[in-house]
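Bear in mind the structure is a predicted one, so any value in this text is a computation, not a measurement.
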Amino acid sequence: MARKKVKENLQNEIKNMFFLFSENLLRITTNRETSLKKKDFEQLLKIVVDNLSFVHSGSVLWLDKDGTYFYLAVYNHDYGILKNIKFTPKEMVMRRFKHAYVIKRRSVDLIKELARKLNEDEELIQQKAQSIDNIKAFIFIPIRSQRKVVGFFNLDTCEHENIFEEVEFQSVAEAMGNLLSTVVEKFELIEAIKAKNAEIDRVNLFDKLTYLPNLKNIAIYFDKYSEITKRIPVKLYIMLLDIKEFEKINKVYGYEFGDDLLVKLSKVITKSCRKSDVIGRTNSDEFVILTLSKENPLALMKRLEEKISNFSSKLGISLEVQISIAEYGTDGKDLNTLISKAQEKLYQNRVFAAY
């Protein structure tokens with residue numbers, strides 16, 4: 001009975017850890033476009049180790065440009081020792097790592113391997129690497145991107161070599177690996193989108209006046225961003241910003257003034273958004289913003305209203321701007337439908353007069 005109670009407590013630990021791990025991973029990645037860094041992995045390792053009584057340390061191995069794996073981050077280990085160690089795919093026995101994999105190894109073997117890698121005395125390494133001395137088993141969790149293993153999230157136990165099997169941890173480890181893989185692939189996808197856009201003719205995909213993406217270019221981003229929402233728990237929103245009766249401004253102040261106004265306004269909108277947001281211009285008086293967010297981006301709407309009001313005040317003219325939001329999935333699943341839905345909502349939303 002006591003054994004059953006212990007197992008139940010460990011299962012509760014695992015559930016709590018996985019919730020914290022998922023929540024922190026989402027928080028780390030939601031409002032950024034750069035990939036996971038050393039400090040991010042250290043934070044995730046800390047969450048796992050500090051919340052699982054049977055896990056005592058951890059590390060992240062990462063694929064280097066030369067094809068070897070190096071220690072990117074560690075927790076409860078001496079990074080000063082491990083940072084100089086590299087493993088070839090052959091040494092990692094890559095065929096094993098289609099899924100999370102438990103390795104049971106004696107600590108003396110690990111000390112010998114470290115000594116060989118660093119070309120140092122085994123006794124000296126043992127003194128330096130005390131965190132390794134009592135390790136009974138590891139679980140290696142592969143991180144994949146585009147079907148390629150780009151890293152390993154490794155957890156170590158000093159409990160006993162069968163603990164990972166006894167608490168049925170491998171299924172949770174698989175889920176953790178899938179989350180990490182999705183996030184890493186997301187960032188690689190964003191980087192690939194940027195690189196691809198840099199190669200494309202700006203004349204065909206960018207507005208000639210503001211150099212913002214045109215509707216054709218926005219559609220490319222939309223396809224990629226809608227795919228991201230299927231992999232991680234974020235939503236895609238289409239925000240439409242319309243300058244009411246813009247033609248009157250052109251008639252009163254002239255078309256040259258109107259063009260200059262649009263260029264300056266496009267910069268105000270861009271600076272008000274996150275780097276991961278996509279800002280485009282669909283016609284003379286209408287701007288579109290694609291934004292990934294956990295919830296309705298009302299804060300972005302408010303920020304845009306404030307920035308445009310300040311801009312209008314400095315310029316000395318009155319701008320009437322309408323903003324509406326359409327949600328991917330709820331209001332439609334293709335770009336044209338979502339833009340049409342956002343245009344319908346323009347008539348329902350308030351118009352704010354800047355200046």
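No donor-acceptor pair under 3.5 Å is formed between the side chain of Gln170 and the backbone N or O of Glu165. Distance alone, capped at 3.5 Å, places no donor-acceptor pair between the Glu320 side chain and the Lys244 backbone. Between the Lys186 side chain and the Thr29 main chain, a donor and an acceptor come within less than 3.5 Å of each other. With Ser35 contributing its side chain and Val184 its backbone, the two residues share no donor-acceptor pair below 3.5 Å. Judged by distance alone, the side chain of Asp331 and the main-chain N or O of Glu327 form a donor-acceptor pair under 3.5 Å. Thr291 contributes no side-chain N or O that, together with a main-chain N or O of Tyr237, makes up a donor-acceptor pair within less than 3.5 Å. Checked by atom type and distance alone, the side chain of Lys235 never pairs as donor or acceptor with a backbone atom of Asn296 at under 3.5 Å. In terms of modelled atom types and a separation under 3.5 Å, the side chain of Ser312 and the main chain of Ile308 share no donor-acceptor contact. Although no hydrogens or angles enter the test, the distance criterion places no donor-acceptor pair under 3.5 Å between the side chain of Asn217 and the main chain of Asn214. Between the side chain of Arg274 and the main chain of Ser276, no donor-acceptor pair closer than 3.5 Å is present.
The nearest pair of heavy atoms linking Pro213 to Ile218 is O-CD1, 3.9 Å. Shown here for Ile28 and Asp40, the closest heavy-atom pair between the two residues is CG2-OD1, 3.6 Å. Taking each heavy atom of Phe169 and Met17 in turn, the nearest pair found is CE1-CE, 3.9 Å. The two residues Leu36 and Arg32 make their nearest non-hydrogen contact at CA-NH2, 4.2 Å. A pairwise comparison of heavy atoms in Gly58 and Asp156 identifies N-OD2, 3.7 Å as the closest pair. Contact record, Tyr211 with Lys208: CZ-O, 3.9 Å, taken as the closest heavy-atom pair.
Atom CD1 of Ile103 sits about 4.5 Å away from atom CZ of Phe140, to the nearest 0.5 Å. Between the CZ atom in Phe21 and the CG atom in Leu45 there is a gap of 8.5 Å [rounded to 0.5 Å]. Taken from CG in Leu61 to CD1 in Ile85, the straight-line distance is 9.5 Å, to the nearest 0.5 Å. Atoms CD and CG, on Glu23 and Leu26 in that order, are 8.0 Å from each other to the nearest 0.5 Å. Going from atom CG of Asn24 over to atom CD1 of Ile47 covers 3.5 Å, rounded to the nearest 0.5 Å. Atoms CE and SG, on Met239 and Cys273 in that order, are 7.5 Å from each other to the nearest 0.5 Å.
In the hydrophobic cluster analysis, where Ile, Leu, Val, Met, Phe, Trp and Tyr join through side-chain heavy atoms closer than 4.5 angstrom, Ile249 is grouped apart from Tyr255. Residues Leu298 and Leu304 share a single hydrophobic cluster, defined by chaining ILVMFWY side chains whose heavy atoms lie under 4.5 Å apart. A single hydrophobic cluster is seen to contain both Leu209 and Leu212, as judged by linkage of ILVMFWY side chains at heavy-atom distances under 4.5 Å, directly or through other members.
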- prompt: Going through the distances and angles, do Glu247 and Asn250 end up as a side chain to side chain contact (heavy atoms under 4.5 Å, CB included)?
  reply: CA-CA 5 Å; Glu247 279 303 313; Asn250 282 331; 3.6 Å; yes
- request: Go through the steps to decide whether Lys38 and Glu42 satisfy the test salt bridge (charged side-chain N to carboxylate O under 4.0 Å, His left out), and finish with yes or no.
  value: CA-CA 6 Å; Lys38 179 175 180 286; Glu42 287 172 342; 2.6 Å; yes
query: Can you list the steps and then say if Asn283 with Asp285 is a side chain to side chain contact (heavy atoms under 4.5 Å, CB included)?
result: CA-CA 6 Å; Asn283 60 45; Asp285 57 0; 2.7 Å; yes
message: Between Met176 and Ile139, does the side chain to side chain contact (heavy atoms under 4.5 Å, CB included) criterion hold? Intermediate values first, please.
response: CA-CA 12 Å; Met176 293 167 63; Ile139 186 163; over 6 Å; no
field: Check against salt bridge (charged side-chain N to carboxylate O under 4.0 Å, His left out), Glu227 and Lys230
entry: CA-CA 5 Å; Glu227 282 298 315; Lys230 300 173 184 177; 3.2 Å; yes
field: Ile228/Leu236 under side chain to side chain contact (heavy atoms under 4.5 Å, CB included): CA gap, chis, key distance, verdict
entry: CA-CA 9 Å; Ile228 289 174; Leu236 174 60; over 6 Å; no
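Side-chain contact between Asn154 and Ile141: absent, with no pair of heavy atoms (C-beta onward) separated by less than 4.5 Å. Asp277 has its side chain out of reach of Tyr221: every pair of non-hydrogen atoms, C-beta onward, lies at least 4.5 Å apart. Residues Leu262 and Phe246 form a side-chain contact, since some pair of their non-hydrogen atoms from C-beta on lies under 4.5 Å apart. Residues Glu13 and Phe18 form no side-chain contact, since every pair of their non-hydrogen atoms from C-beta on lies 4.5 Å or further apart. Side chains of Leu240 and Asp242 form no contact here, defined as non-hydrogen atoms less than 4.5 Å apart. No side-chain heavy atom of Val252 sits less than 4.5 Å from a side-chain heavy atom of Phe257. Phe164 places a side-chain heavy atom less than 4.5 Å from the side chain of Val55. For the pair Phe153 and Val48, the minimum side-chain heavy-atom distance is below 4.5 Å.
Residue-environment remark: CD (Glu256) stays at or below the threshold of 12 foreign heavy atoms within 6.0 Å.
In summary, the side chains of Glu185 and Gln146 do present a donor paired with an acceptor at a separation below 3.5 Å, with no hydrogens or angles considered.
The aromatic rings of Phe41 and Trp62 are tilted relative to each other, their planes meeting at an angle between 30° and 60°.
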